[in-house]
Structure formats: structure tokens, C-alpha cells
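Structure first, then comments.
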Protein chains: 2
Amino acid sequence: MYTLAEENYLKAIYKLSMLAENVSTNQIAAELATKASSVTDMLRKLAEKLLINYTRYQGVSLTQSGEKVAINIIRRHRLWEYFLVEKLHFKWDEVHDMAEEMEHISSTELIDRLDEFMGFPTRDPHGDLIPDSNGNFKKNDLKPISAVDVNTSGVISGVRDHSTAFLQYLEKQCLTIGKKITVKEIISYDNTVVLQMENKDLQISREVANNLLIAL
Amino acid sequence: MYTLAEENYLKAIYKLSMLAENVSTNQIAAELATKASSVTDMLRKLAEKLLINYTRYQGVSLTQSGEKVAINIIRRHRLWEYFLVEKLHFKWDEVHDMAEEMEHISSTELIDRLDEFMGFPTRDPHGDLIPDSNGNFKKNDLKPISAVDVNTSGVISGVRDHSTAFLQYLEKQCLTIGKKITVKEIISYDNTVVLQMENKDLQISREVANNLLIAL
DNA sequence: TTAATTTTTTAGACTCGTCTAAAAATACAA
DNA sequence: TTGTATTTTTAGACGAGTCTAAAAAATTAA
């Protein structure tokens, strides 16, 4: 249906759309580790196929059909991640690259049966919501730790940075999905956050607090 | 590691090597539904990478490293077919195209874990042997029904034609893997083969007999 | 053994997705 | 508001993989 490159562009645009309505050429180039000129070429093609709204120099947004395709790719990615962790026992920091390949397997029937086989999971191993077969998924109500008040408690439920380095750091600190934490203090000097977890105190940097999401 | 096209060429050459030592440009073109000129171009590239033995106008054979790659692709293909049928409950005539895509997922670790998850199966849903993680697989001792004598009995164990049409025909006739049959007669006029299966007689054409394999 | 046929290779061109370098548009700052 | 910096687009090229048309080699037949 769509080429590998097209799917990757749509996914990138979708992801960047979370942060701002309109996505710029340079943002996409950075996300996909390519050059702005390559992005411009592809945007022209995607616009021609009515997958994005694009006017020169004005940035892009997904059309409804473009969003549908993007959500579908995300569904595939997250279901495969769930499979890799739950059935093949990979660790959560090992599965991203594999799922990145697997998400391009095209059969819808395959994905729906995989979904059923695993019992229709609602979140992937990183806490991200898995869209259902109609592309619906509830709004994610998770907040970065850096955005909650002192003395707030919550359950670690997701990450914003999916890099292996970050995930391995979390693993090492036992900051994994499902753990209950309380924000004890925010040190004003450098915004270090002091957490309480299982009666132990733990300090995390502002950056980590920004990328670690909790459900209240 | 290797491109999609390279992998498909190696797989095709491997398959054709079953029938004759040296594989011709035209045979490969037919197998991959492409043109002889495209094949020549690719053969040059594969030879440069030492994956095939190739001299102009003389046909090709796989080198040891080419064969290793090909067997690996086949291992991946057959394991995914097994997964699709055994875990996701697809029918044996539905899985080929999906597995054709999935076989290009590159992680070796993934395939080995999939293998383990399914309990190290030795044959795929069409009766074909699945190579182990070292690329070893026992010689297939199956014979086409057309090659056995009258009054021979055996168990249907594989096919040479993997097309949906052929598999659906077999399904309809109940000629599926595991069924015990006896060759009762070969009608000399057109080489129609008369089989006995579960006390019923059944006639199959020469062509079907050629493509249906039994273990004696 | 020469001629006809088939197979294979070469030559040149096309699409996809990418790149570099340069030009054009936009945004920002004095 | 005018000039500078940044962002984005254009122009032209390249590699991968494919194609058609034509040439070269190999095979088959007379």
C-alpha cells in the first residue's frame, strides 16, 4: 500500500504533531536523521496522495487519511512490542528496533489476529496506549513527573524518550512500569526531583523527570 | 545486512538449485517474475559480494556463504509460517505471502526466540523441513506421488507447488498433511493416478501427483 | 559447418529516495 | 525597516533496482 519511506514519514509527522499543530521540515529531518531537502521532496509526494496538508514554507499536518495510516503503523508497532516482551521475553529496552521493522508488515488480518492472540492488550511495554483495530485509543492521561506537585503519588506508566540508553537507566534504578512513587521534594537549585519508592529515597534529574510519565 | 532484493534472489537461486546444479538467468527471471536483464545486473552484484559463483553465460550456483544466507531466509520463512498457522490459526493456504514479508525481519535473536517459543518445530505447515539455528536440516526423504510404484503406501508430507490454488485444491480433496494414502493404479492413457484414502478411491492428475509429496 | 534460434548480456533510460550546493522565502534583530 | 540569519525549496546528481531494445554468445537444426 505505502512504501517504507512513506510510512516512516507519516509516523514521524504524527509523533511531532503531538507537540505542535504544524510540523516543520527541519523537525522531520531531525526525527528521521535525513536532510531537509529530502523531506521537501517527500512532502510533495505525500501531499499529492492527500495524506498531508502542505503549502510551501508553511509546515505540514496530517489529513484524516494520513492520520489513519499513521495510527495504524503505531498500532502495529506497539502490538509487536507487546508480543516481543510478553511472548518472547525480550526486555523493554531491546524491542524498539525489531518492532520498527515489524511494523511495516502489511496484513491487517495478521495484526488483528495477533491482537486477539495476546488478549487485546491496551498498553505496550513502555506504557503507551495501543490503538484498537478502528484506530481509536483513549486520551493518554499520563503526566511527566516534572509536571506534578510535591507530595503527589502515582504509578510509573510511560516514557517520552524511548532510547535504549534511557530505558536501561530506568531499569537500573528500578524505575519500571507499574512501580508506585511519590514526589517528595524538588530541589530548587537544579530542579532535581526526590522520589520515594518502596520506602527508599531516590534522586532523578530534571531531564529524567521530564521523560518519565506517571498516572495519578 | 542484505537488501530485500538480494535476499529474494538468493532464495530463488537456492530453490532452483534443488533441481539442477547450475541455475540459468532465465530460470531466475521466471521465478522472480522479472526480466533477464535485471537478473544479470543483480548476479554481477551478488558475485562481487562472493555470494554466488558466476561467469558470464554460464549460469550460477551459490557459494557457501550465499547458501548460508539462503538457508537462513528459509528458516525464517518457515518458522513464521508455523507461527501463523499454529498460533494465529491461519489456514495453510493463507500464510505464504505474509511469511514472504516476515522472512526479511533481520534479527537472529528474534528468530531463535520464536523457534523456542513454538517448541522447536521441525516442519512447517506444508511439510517442509525447518533448518535449525546453525542452518542444518536433515535431507528431505519425501517423494512425489508420481515417482512411486503401484501399491506403495505413504503419508502425505509435503508439496512442491506452494500456490494458493494448489493448496486450496488439496484442501477440498482432503489431501492434507498427515493423511495416509496408497497408490492403487496409474492409468497409462494420461498418467492419472488412482489413490486410496480412508477406503475411498480418488483420482488425481499427473500434475498433482508430481507436486504432492509423501513419506514412505 | 553454416544458418537459425534461443539465451544472455550490454546500453541507455526510468522511478524512488537520497544527497550537496545554491537560491528563495521567512523570521529576527539592530 | 533594513540587513542578517535561519529555514525551506529548487536544481542537479547519484545508487539501487528495474525496464526495453539491441548486440553478443551459445545452442540447435539443416
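Hydrogens, waters and symmetry mates play no part in the numbers below; they use all other heavy atoms, side chains included. Each chain gets a letter, A, B and so on, in the order the sequences are listed, and its residues count up from 1.
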Using side-chain heavy atoms (C-beta onward) and a distance below 4.5 Å, is B:Ile52 in contact with B:Tyr9?
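Contact flag for B:Ile52/B:Tyr9 side chains = no.
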
Between [X] and [N], does any side-chain N or O lie under 4.0 Å from OP1 or OP2?
| X | N | result |
| --- | --- | --- |
| A:Thr34 | C:dG17 | no |
| A:Asn26 | D:dT6 | no |
| B:Ser38 | D:dC19 | yes |
| B:Lys45 | D:dG17 | yes |
| B:Thr25 | C:dT9 | yes |
| B:Tyr54 | C:dT9 | yes |
| A:Tyr9 | C:dT18 | yes |

Okay, side chain of [X], backbone of [Y]: is any donor-acceptor separation there less than 3.5 Å?
| X | Y | result |
| --- | --- | --- |
| A:Arg206 | A:Asp190 | no |
| A:Ser205 | A:Thr192 | no |
| B:Arg113 | A:His89 | yes |

Selection from [options] that lies nearest to any side-chain heavy atom of [X]:
| X | options | answer |
| --- | --- | --- |
| A:Arg56 | C:dC19, C:dG17, D:dT9 | D:dT9 |
| A:Thr40 | C:dT20, D:dT18, D:dT9 | D:dT9 |
| A:Tyr57 | C:dA24, C:dT9, D:dT10 | C:dA24 |

Just the rounded figure in Å: distance from [atom2] of [N] to [atom1] of [X].
| X | N | atom1 | atom2 | result |
| --- | --- | --- | --- | --- |
| B:Gln58 | C:dT8 | CD | C1' | 10 Å |
| A:Leu32 | C:dG17 | CG | C1' | 12 Å |
| B:Asp41 | C:dG12 | CG | P | 14 Å |
| A:Lys35 | C:dT20 | NZ | C1' | 8 Å |

If you go through the side-chain atoms of B:Ser37, does one of them form a donor-acceptor pair with the base of D:dT20 closer than 3.5 Å?
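Answer yes: a donor N or O sits under 3.5 Å from an acceptor.
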
If you look at every heavy atom in A:Ile105 and B:Glu101, which pair is closest and at what distance?
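Between these two residues, the closest heavy atoms are CA-OE1, 3.5 Å.
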
